[in-house]
Asks: 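The following block contains the structure, expressed as structure tokens.
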Amino acid sequence: GENVEQHPSTLSVQEGDSAVIKCTYSDSASNYFPWYKQELGKGPQLIIDIRSNVGEKKDQRIAVTLNKTAKHFSLHITETQPEDSAVYFCAARNYQLIWGAGTKLIIKP
Amino acid sequence: DSGVTQTPKHLITATGQRVTLRCSPRSGDLSVYWYQQSLDQGLQFLIQYYNGEERAKGNILERFSAQQFPDLHSELNLSSLELGDSALYFCASSVDPGGRSETQYFGPGTRLLVL
């Protein structure tokens with residue numbers, strides 16, 4: 001069945017450095033790829049999304065890239081700050097959203 | 001604040017019992033999704049309703065059931081509870097699962113503890 005793999009499961013970076021989280025998907029018909037951020041004790045919140053007709057999208061310090069040929073997409077966070085510490089989920093959608101397992105991002109001061 | 005409300009925030013109950021979790025979607029959203037998140041785990045999709053009808057099923061146990069009412073609020077019923085059912089249960093809503101807006105807006109969750 002459809003599957004989304006997300007790596008790494010935990011990522012620790014120094015404050016100010018960049019963080020990259022990668023996801024691969026199995027369904028080549030997937031056409032929508034959102035990224036969600038879940039802070040401790042809260043529900044996930046959409047931070048950025050990309051559709052299959054676009055290769056890259058940026059929003060201030062965050063960006064998402066999509067490689068349809070390789071069936072993978074990545075979240076890039078630049079100039080990381082303490083408030084970026086959270087769990088990040090990727091997802092891919094054809095008919096239904098299929099979720100990655102999540103990445104715990106730790107920003108070290 | 002996503003606009004999705006869930007009640008109760010916390011629920012403590014005993015094994016074998018039955019509980020009902022409630023969700024009110026954002027105004028205008030027709031789809032409701034239910035997810036289970038165990039400690040340090042990912043999001044497990046349980047079930048989706050669209051405008052009162054069941055649209056998709058995930059890894060939902062037979063002991064669990066859900067429904068969406070005419071006013072679009074939804075309830076998730078968990079019965080014959082086991083210790084392993086202890087988890088965060090999230091509700092999310094979206095305007096149209098297949099339309100231009102696929103964004104799911106999550107509620108704050110209900111934390112269920114089965115003792």
Asks: Group every Ile, Leu, Val, Met, Phe, Trp and Tyr by side-chain heavy-atom contacts under 4.5 Å, then state whether A:Leu66 and A:Ile77 land in the same group.
Replies: yes

Asks: Within a radius of less than 6.0 Å around CD of A:Gln81, do more than 12 heavy atoms belonging to other residues, nucleotides or ligands occur?
Replies: yes

Asks: Indicate yes or no: at least one non-hydrogen side-chain atom of A:Gln96 is less than 4.5 angstrom from one of B:Phe45.
Replies: yes

Asks: Applying a heavy-atom distance below 4.5 Å, give me the residues of residues 102-109 of chain A that approach chain B, sorted by number.
Replies: none

Asks: Under 6.0 Å from the CD atom of A:Glu79, do we count more than 12 heavy atoms belonging to anything else shown?
Replies: no

Asks: Please tell me whether B:Leu11 and B:Val4 are part of a single hydrophobic cluster in this structure, the criterion being side-chain heavy atoms less than 4.5 Å apart.
Replies: no

Asks: What residues of residues 16-38 of chain A sit under 4.5 Å from chain B when only non-hydrogen atoms are counted?
Replies: A:Tyr32, A:Tyr36, A:Gln38

Asks: Tell me the residues of residues 63-73 of chain B whose non-hydrogen atoms fall below 4.5 Å from those of chain A, in number order.
Replies: none

Asks: Is there any residue in residues 52-62 of chain A with a non-hydrogen atom under 4.5 Å from a non-hydrogen atom of chain B, and which ones are they?
Replies: none

Asks: If you count heavy-atom pairs within less than 4.5 Å of chain B, which of A:Pro44, A:Gly43, A:Gly41, A:Gly100 leads?
Replies: A:Pro44

Asks: In terms of heavy-atom contacts, does CG of A:Leu40 have more than 12 from other residues, nucleotides or ligands at under 6.0 Å?
Replies: no

Asks: So which residue, B:Arg111, B:Gln37, B:Gln44, ends up with the most heavy-atom pairs under 4.5 Å with chain A?
Replies: B:Gln37

Asks: Is there a path of hydrophobic side-chain contacts, each under 4.5 Å between heavy atoms of I/L/V/M/F/W/Y residues, joining A:Ile98 to A:Leu75?
Replies: yes

Asks: Check whether any side-chain heavy atom of B:Gln104 lies under 4.5 Å from a side-chain heavy atom of A:Leu97, and answer yes or no.
Replies: yes

Asks: Out of curiosity, does A:Leu46 fall in the hydrophobic cluster containing B:Tyr33 (side-chain heavy atoms, cut-off under 4.5 Å, transitive links)?
Replies: yes

Asks: Going only through I, L, V, M, F, W and Y residues with side-chain contacts under 4.5 Å, is there a path from B:Leu61 to B:Leu81?
Replies: yes

